Number of protein chains: 2
Amino acid sequence: MKINNSNFKFVSLNKNKSNYANRGLGLESDINLSNEYYRINDIAYIYKKPTPIKLVNVDYKVGKIKEAYFETPSTTDYNGIYKGKYLDFEAKETNSKTSFSLSNIHSHQIKHLIDVKRHGAISFLIVRFNTLNETYLLSTDLLEQFIKNYERKSIPLSFFKEYGKIIKVKYSPRIDYLEVINNLYFGGN
Amino acid sequence: MKINNSNFKFVSLNKNKSNYANRGLGLESDINLSNEYYRINDIAYIYKKPTPIKLVNVDYKVGKIKEAYFETPSTTDYNGIYKGKYLDFEAKETNSKTSFSLSNIHSHQIKHLIDVKRHGAISFLIVRFNTLNETYLLSTDLLEQFIKNYERKSIPLSFFKEYGKIIKVKYSPRIDYLEVINNLYFGGN
């Protein structure tokens, strides 16, 4: 099976190895295109981290990996710098029309978002509801509050609608999540 | 050839695929152990980015990578947050006793260090002279000045001695580069 990097990137969004189709590619490529736009215009330097791979069999003579497996990332997928601030976030998609299951995020990733926030980072979650074609930004503060105050293992869409911020889909940048960050953390300036 | 992750990490320091032995492992594992110490003690959250892999053949049924190749990273190896600041650096080793060849760093990595610095990051280079067992921290400012003012394609050891900061090797953290950052950027507090 021949695949290219964009396939790889989309794979890297799928923590569970099932249902590669219809998940990941859309949001991730939107974010990568937006980050490219931010870099080209010297607005921010934010990158997606490569997916960690566990190497099992490598031919170093030709630098060829013959056997390897996807590993669980120890942190979030994206980080970088914007307006002097450390930015860190995880991006997920769901096909549910009603809620986002927290099982989509590893607990150590949530811990990471909280840890870096405590140290002064702007950290958040980007969640896209594929079937509704709505993308929300949810700050780590709100994510923490939800986990603290609710028994539920999934965040209802209504919570995103009430407390999250919707991210507009444009031509360029594809999804201008820094516009939301600007309003939330920099008074829209 | 069976190898484990630590091998992988050490491979990932070697941008040229030659001479895997005696290079990389020392400094990289020192930095990884130090970053772990910083995280455990809630001092800083700095991680090494996984090496990007170009996938060619993957069996998604079992999540097994059957053919892949190492790619050139688009950014530096390490970034994270310390005292509310975005930190970004590249770490390299040299077996030379007299100088560090700039051919060890990709030009786009130097550009990245300069770009993030311009946006408020603390960015720098960590260079270890293996044969001397001396490790230096060189800020991006100094790296830029050297490139601007000298024709030379390699930075002499004397430049590191005069302008760089030596990083002490301790028991824990192995190399306390944040102590140097503290003195350089936070007045030692």
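These numbers were taken from a predicted model, which means no experiment stands behind them. Each chain gets a letter, A, B and so on, in the order the sequences are listed, and its residues count up from 1. We use all heavy atoms of the structure for the numbers below, so side chains are in, but hydrogens, waters and symmetry mates are not.
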Colleague: Assess whether atom NZ of A/Lys117 is packed by more than 12 heavy atoms of other residues, nucleotides or ligands within 6.0 Å.
Modeller: yes
Colleague: Count the heavy-atom pairs under 4.5 Å between each of B/Ser74, B/Gly120, B/Ala44, B/Gly80 and chain A, then report the option with the highest count.
Modeller: B/Gly80
Colleague: More than 12 heavy atoms of other residues, nucleotides or ligands under 6.0 Å from NZ of B/Lys168: yes or no?
Modeller: no
Colleague: Quick check on A/Ile122 against chain B: is it the side chain, the backbone, both or neither that has a heavy atom closer than 4.5 Å?
Modeller: neither
Colleague: Side-chain heavy atoms nearer than 4.5 Å, only ILVMFWY residues, links allowed to pass through others: does that put A/Ile126 and A/Ile114 together?
Modeller: no
Colleague: Can the ring centroids of A/Tyr45 and B/His119 be said to lie less than 6.0 angstrom from one another?
Modeller: yes
Colleague: Against chain B, label A/Tyr47 side chain, backbone, both or neither, depending on which of its atoms sit under 4.5 Å from a heavy atom there.
Modeller: side chain
Colleague: Is there a path from B/Ile175 to B/Phe124 through hydrophobic residues (I, L, V, M, F, W, Y) whose side chains come within less than 4.5 Å of each other?
Modeller: yes
Colleague: Is there a side-chain contact between A/Lys64 and B/Tyr69, using heavy atoms and a 4.5 Å cut-off?
Modeller: yes
Colleague: With a 4.5 Å cut-off on side-chain heavy-atom distances among I, L, V, M, F, W and Y, is there a chain of contacts connecting B/Leu125 to B/Leu132?
Modeller: yes
Colleague: Quick check for you: to the nearest 0.5 Å, what is the distance between A/Thr75 atom OG1 and B/Lys48 atom NZ?
Modeller: 12.0 Å
Colleague: Looking only at non-hydrogen atoms, find the nearest pair between B/Phe70 and A/Leu55 and report the distance.
Modeller: CZ-CD1, 3.9 Å
Colleague: Roughly how far, to the nearest 0.5 Å, is the CG atom of A/Asn79 from the CG atom of B/Asn79?
Modeller: 4.0 Å
Colleague: If I measure from the heavy atoms of chain A, does B/Ile46 come under 4.5 Å with its side chain, its backbone, both, or neither?
Modeller: neither
Colleague: Determine whether more than 12 heavy atoms belonging to other residues, nucleotides or ligands lie under 6.0 Å from atom OH of B/Tyr185.
Modeller: yes
Colleague: Most heavy-atom pairs under 4.5 angstrom with chain A, which of B/Leu87, B/Asp88, B/Val116, B/Val62?
Modeller: B/Val116
Colleague: For B/Phe146, I'd like to know if atom CZ has over 12 heavy atoms of other residues, nucleotides or ligands within 6.0 Å.
Modeller: yes
Colleague: To the nearest 0.5 Å, what is the distance between NZ on A/Lys66 and CG on B/Asn57?
Modeller: 13.5 Å
Colleague: In plain terms, say whether B/Arg39 and A/Asp115 are close enough for a salt bridge, that is, a side-chain N and a carboxylate O under 4.0 Å apart.
Modeller: no
Colleague: Check whether A/Tyr136 and A/Val169 end up in the same hydrophobic cluster, where Ile, Leu, Val, Met, Phe, Trp and Tyr are linked by side-chain heavy atoms less than 4.5 Å apart.
Modeller: no
